[in-house]
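Let me begin by presenting the structure, written as structure tokens, before commenting on it.
For the numbers below, each heavy atom of this structure counts, side chains included, while hydrogens, waters and symmetry mates do not.
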Amino acid sequence: MLVSLDIRNMLVIDVLELEFRPGLNVLTGETGAGKSILLDCLGFVLGWNTRAGKLRGVEGEGEVTAVFELPEGNRTRSGLGAAGLPDSEELLLRRRLRSDGRTAAWANERRCSLETLRGLSDGLVEILGHQHERGLMDERNHLDLLDRFAGTDRTDVGRLWRNRQALAVRLARARDDEDQARKDLDYLRHAVAELQDCAPEAGEVARLEDQRRLMHAAERVRDDLSRALHVLGSEGAESMLTEAIGWLQRSRETVGGRMEAAIDALDRALEDVELASRTLADCFEHLDADPSERDRVDDRLFALRGLSLKHGVSPDALPSFLGDLKDRLAAASGSVEAVRGLETDLEAAEASYAGAARALSLDRRRAGRRLDRMMAGELPPLRLGQAVFRTDVTESRDGPAGMDSVAFTASTSPGLPPGALSRIASGGELSRFLLALKACLAASADRQMLVFDEIDRGVGGATADAVGRRLASLAAAGQILAVTHSPQVAALSDHHFRVTRTPSKSRGAGPGHRVQVKELAPGERVAEIARMLSGEVVTDEAMAAAEALISGQGGEPVPAR
């Protein structure tokens with residue numbers, strides 16, 4: 001609900017402070033008095049594009065401040081957190097316009113962007129009238145309006161759609177991985193098989209190189225070993241030591257124990273020489289290996305070094321590289337299988353979404369027919385008895401709200417094809433269509449402030465009275481602000497404001513006018529409605545007719561004398 005509107009230095013308004021209350025609030029006044037300017041200023045503080053983008057003067061700043069009461073469940077209150085604002089029962093919007101055309105906005109005294117301001121205002125005010133194309137006039141809102149009318153729960157459809165989209169993204173990525181995996185599979189399979197056949201071992205190359213060096217040096221080593229064995233063998237040191245020991249043993253009795261230490265030393269030396277001979281003989285035997293073994297070692301080294309060069313890793317890293325290749329091969333094979341699984345999951349998700357969306361479409365079509373029947377009962381009292389309203393639910397691109405597009409269409413005369421409300425209805429007809437539609441949607445609508453701009457244009461008498469009564473009925477559950485020239489509508493108001501324009505000195509060059517707004521007391525209200533009935537000259541008959549309208553006893557416009 002709009003609690004107050006404060007306007008300063010905007011268009012032809014110097015300073016204007018207004019307070020509004022629940023129920024039907026009407027603005028009346030002569031043509032050109034400035035009623036629409038007030039709506040422009042309201043639209044300006046809500047972030048809409050309006051004529052209020054012009055300052056009253058040529059210098060200084062213009063500013064509009066609006067205070068709203070936010071009931072529980074209101075869309076704007078629910079969206080305060082997303083706008084970075086704490087939960088509050090009240091929202092103060094302020095927008096300032098500088099003389100250079102730049103603007104600044106605040107929400108609850110926190111600086112905010114124009115986009116944030118517009119987002120907050122969507123759940124606060126809806127302006128309905130032939131000059132405004134917001135709310136009911138915007139076909140982008142018709143789907144949401146029909147769903148609220150039907151009490152439709154789109155939660156499951158939205159969840160299924162998001163699940164389907166997520167699976168589609170995962171499948172696309174998996175297919176990219178699969179394409180790359182298919183390119184890699186032949187290489188990976190060949191490389192793994194090749195390395196597994198080779199079965200490289202860590203440190204193997206170093207061992208083979210030592211063995212190879214020994215084998216290729218065997219000829220030279222063999223000659224040295226042969227000479228050493230000859231010197232140490234039975235024809236060399238061994239024989240000589242044996243003879244020396246024999247000689248000394250024959251003479252040991254002659255010299256007594258003086259030779260024992262020498263004989264013992266020679267015995268130990270003979271044992272060491274025999275051990276050395278046996279070790280050298282064993283080594284000599286190994287040096288005399290089969291030449292084919294040397295070829296095998298050379299071939300093995302060549303194979304290991306070739307794989308190392310081919311894969312760009314060191315020979316010792318070949319075993320771990322083989323493990324990595326096995327992991328990549330398993331992942332590549334898994335990518336192919338993953339695609340098959342995701343395709344199955346996506347098919348199931350698409351079927352679930354399509355089923356839920358079709359059920360939602362059926363609910364919408366039923367709700368559309370119910371809304372059409374309700375509109376058929378609302379239109380005749382508003383002098384639109386030949387008009388036909390239709391809710392078109394057509395298949396559209398799928399999304400989180402389903403796969404439907406909704407448009408409210410109408411035909412004003414028999415035989416005319418239906419079309420968008422804004423194209424087929426005149427100003428007065430359009431306003432009455434919107435009033436009837438809002439009356440039908442009222443039970444399911446957010447508790448917004450509704451603004452009707454000259455909804456009674458071109459009608460009078462019983463039709464104007466029907467318009468007023470529907471406005472009053474809608475206002476009983478909320479707040480309506482109506483700009484009207486109809487005394488029948490004004491007579492049904494809860495709060496009546498009169499707009500006047502008086503000459504004043506402007507801050508620009510030359511004289512100008514000043515807009516004033518006054519809430520009328522009961523006696524002033526009778527006089528204003530009498531003026532609306534009879535014109536400039538207010539007669540006794542007009543006063544009586546005004547009193548009759550206010551009391552609910554009816555009354556017709558009285559000609560001016």
Between Gln488 and Ser486, is the side chain to side chain donor-acceptor pair (under 3.5 Å) condition met? List the steps. CA-CA 5 Å; Gln488 288 88 348; Ser486 169; 3.1 Å; yes

What's the verdict on side-chain contact (heavy atoms from CB on, under 4.5 Å) for Arg365 and Val393, showing C-alpha distance, side-chain angles and the deciding distance? CA-CA 6 Å; Arg365 294 177 192 279; Val393 181; 4.1 Å; yes

Walk me through whether Leu379 and Phe389 qualify under side-chain contact (heavy atoms from CB on, under 4.5 Å). CA-CA 9 Å; Leu379 293 175; Phe389 175 89; 4.2 Å; yes

Is there a salt bridge (charged side-chain N to carboxylate O under 4.0 Å, His left out) between Asp144 and Arg154 once you walk through the steps? CA-CA 10 Å; Asp144 291 339; Arg154 303 192 307 215; 2.9 Å; yes

Evaluate the side-chain contact (heavy atoms from CB on, under 4.5 Å) criterion for residues Arg501 and Ile37: first the C-alpha distance (whole Å), next the side-chain angles of each, then the deciding distance (0.1 Å), finally the verdict. CA-CA 11 Å; Arg501 183 185 294 197; Ile37 293 174; 3.7 Å; yes

Asp156/Arg159 under salt bridge (charged side-chain N to carboxylate O under 4.0 Å, His left out): CA gap, chis, key distance, verdict: CA-CA 5 Å; Asp156 284 344; Arg159 177 182 56 80; 3.7 Å; yes

Might you work through the side-chain contact (heavy atoms from CB on, under 4.5 Å) test for Val339 and Leu342, ending with a clear yes or no? CA-CA 5 Å; Val339 168; Leu342 285 171; 5.9 Å; no

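Atom CD of Glu519 is separated from atom NE2 of His495 by 7.0 Å, given to the nearest 0.5 angstrom. To the nearest 0.5 Å, atoms CG (Leu5) and CG (Leu16) are separated by 7.5 Å. Note that CG of Leu27 and CZ of Phe452 are 14.0 Å apart. Values are rounded to the nearest 0.5 Å. For the atom pair Leu80 CG and Leu91 CG, the distance stands at 6.5 Å (nearest 0.5 Å). With rounding to the nearest 0.5 angstrom, the CG atom of Asn108 is 7.5 Å from the CD atom of Glu90. Leu114 contributes atom CG, which lies 12.5 Å from atom CH2 of Trp48 (distance to the nearest 0.5 angstrom).
For Glu30, the side chain to side chain contact (heavy atoms under 4.5 Å, CB included) test picks out Arg531, with sequence neighbours left out.
Judged purely by distance below 3.5 Å, without hydrogens or angles, the side chains of Asp392 and Thr394 never pair a donor atom with an acceptor atom. Side-chain contact annotation: Arg525 with Ser493, donor-acceptor N/O pair under 3.5 Å present. A side-chain donor-acceptor contact under 3.5 Å links His496 and Thr28. When only modelled atom types and interatomic distance are considered, Ser99 and Glu61 share no side-chain donor-acceptor pair under 3.5 Å.
The side-chain heavy atoms of Met543 and Glu541, taken from C-beta on, include no pair separated by under 4.5 Å. Taking 4.5 Å as the limit, every side-chain heavy atom of Ile480 sits out of range of all side-chain heavy atoms of Asn25. At a threshold of 4.5 Å between non-hydrogen side-chain atoms, the residues Glu524 and Lys518 count as touching. Annotation: side chain of Glu139 is not in contact with side chain of Ser405 (no heavy-atom distance under 4.5 Å). Counting only heavy atoms from C-beta outward, the side chains of Trp106 and Leu92 never approach each other to under 4.5 Å. Leu146 places none of its side-chain heavy atoms less than 4.5 Å from the side chain of His142. Counting heavy atoms from C-beta on, the side chains of Glu17 and Ser4 never come closer than 4.5 Å. Between Leu167 and Leu171, every side-chain heavy-atom pair lies at or beyond the 4.5 Å cut-off.
Residues Asp465 and Leu492 share a closest heavy-atom pair of O-CD1, 4.0 Å. Here the closest heavy-atom approach between residue Cys41 and residue Ile7 is recorded as CB-CD1, 3.6 Å. In terms of heavy-atom proximity, Ser88 sits nearest to Leu70 at O-CD1, 3.7 Å. The two residues Met403 and Ala354 make their nearest non-hydrogen contact at CE-CA, 4.3 Å. Residues Leu46 and Ser121 come closest through the heavy atom pair O-OG, 3.0 Å. Nearest heavy atoms, Arg370 versus Phe149: NH1-CZ, 3.6 Å.
Heavy atoms of other residues, nucleotides or ligands lying less than 6.0 angstrom from CZ of Arg390 number 12 at most. Under a cut-off of 6.0 angstrom, the local environment of CZ in Arg96 is crowded, with over 12 non-hydrogen atoms contributed by other residues, nucleotides or ligands. Annotation for Glu343: atom CD counts as buried by contact number, over 12 foreign heavy atoms lying within 6.0 Å.
Side-chain atoms of Ser534 come within 3.5 Å of backbone atoms of Ala530 as a donor-acceptor pair (strictly under, hydrogens ignored). Between the side chain of Tyr353 and the main chain of Arg162, no donor-acceptor pair closer than 3.5 Å is present. Put simply, the side chain of Arg164 never gets that close to the backbone of Ala351: no donor and acceptor are under 3.5 Å apart. A donor-acceptor pair under 3.5 Å is absent between the side-chain atoms of Glu547 and the main chain of Ala544, judged by distance alone. Ser113 places a side-chain N or O within 3.5 Å of a backbone atom of Thr116 that can act as its donor or acceptor partner. Counting only distance, with no hydrogens or angles, the side chain of Ser411 and the backbone of Ser413 share a donor-acceptor pair below 3.5 Å. In this structure, Arg432 contributes its side chain and Leu382 its backbone to a donor-acceptor pair below 3.5 Å. Of the possible polar contacts, none joining the Gln479 side chain to the Leu24 backbone as a donor-acceptor pair under 3.5 Å is found. No donor-acceptor pair closer than 3.5 Å links the side chain of Arg8 to the backbone N or O of Glu63.
Using a 4.0 Å cut-off between charged nitrogen and carboxylate oxygen, Asp6 and Arg94 do not count as a salt-bridge pair.
Between Phe433 and Phe408, the ring centre distance reaches or exceeds 6.0 Å.
Applying the salt bridge (Lys or Arg N to Asp or Glu O under 4.0 Å) test to every pair with at least one member in residues 402-411, sequence neighbours left out, gives these pairs: Arg364-Asp404.
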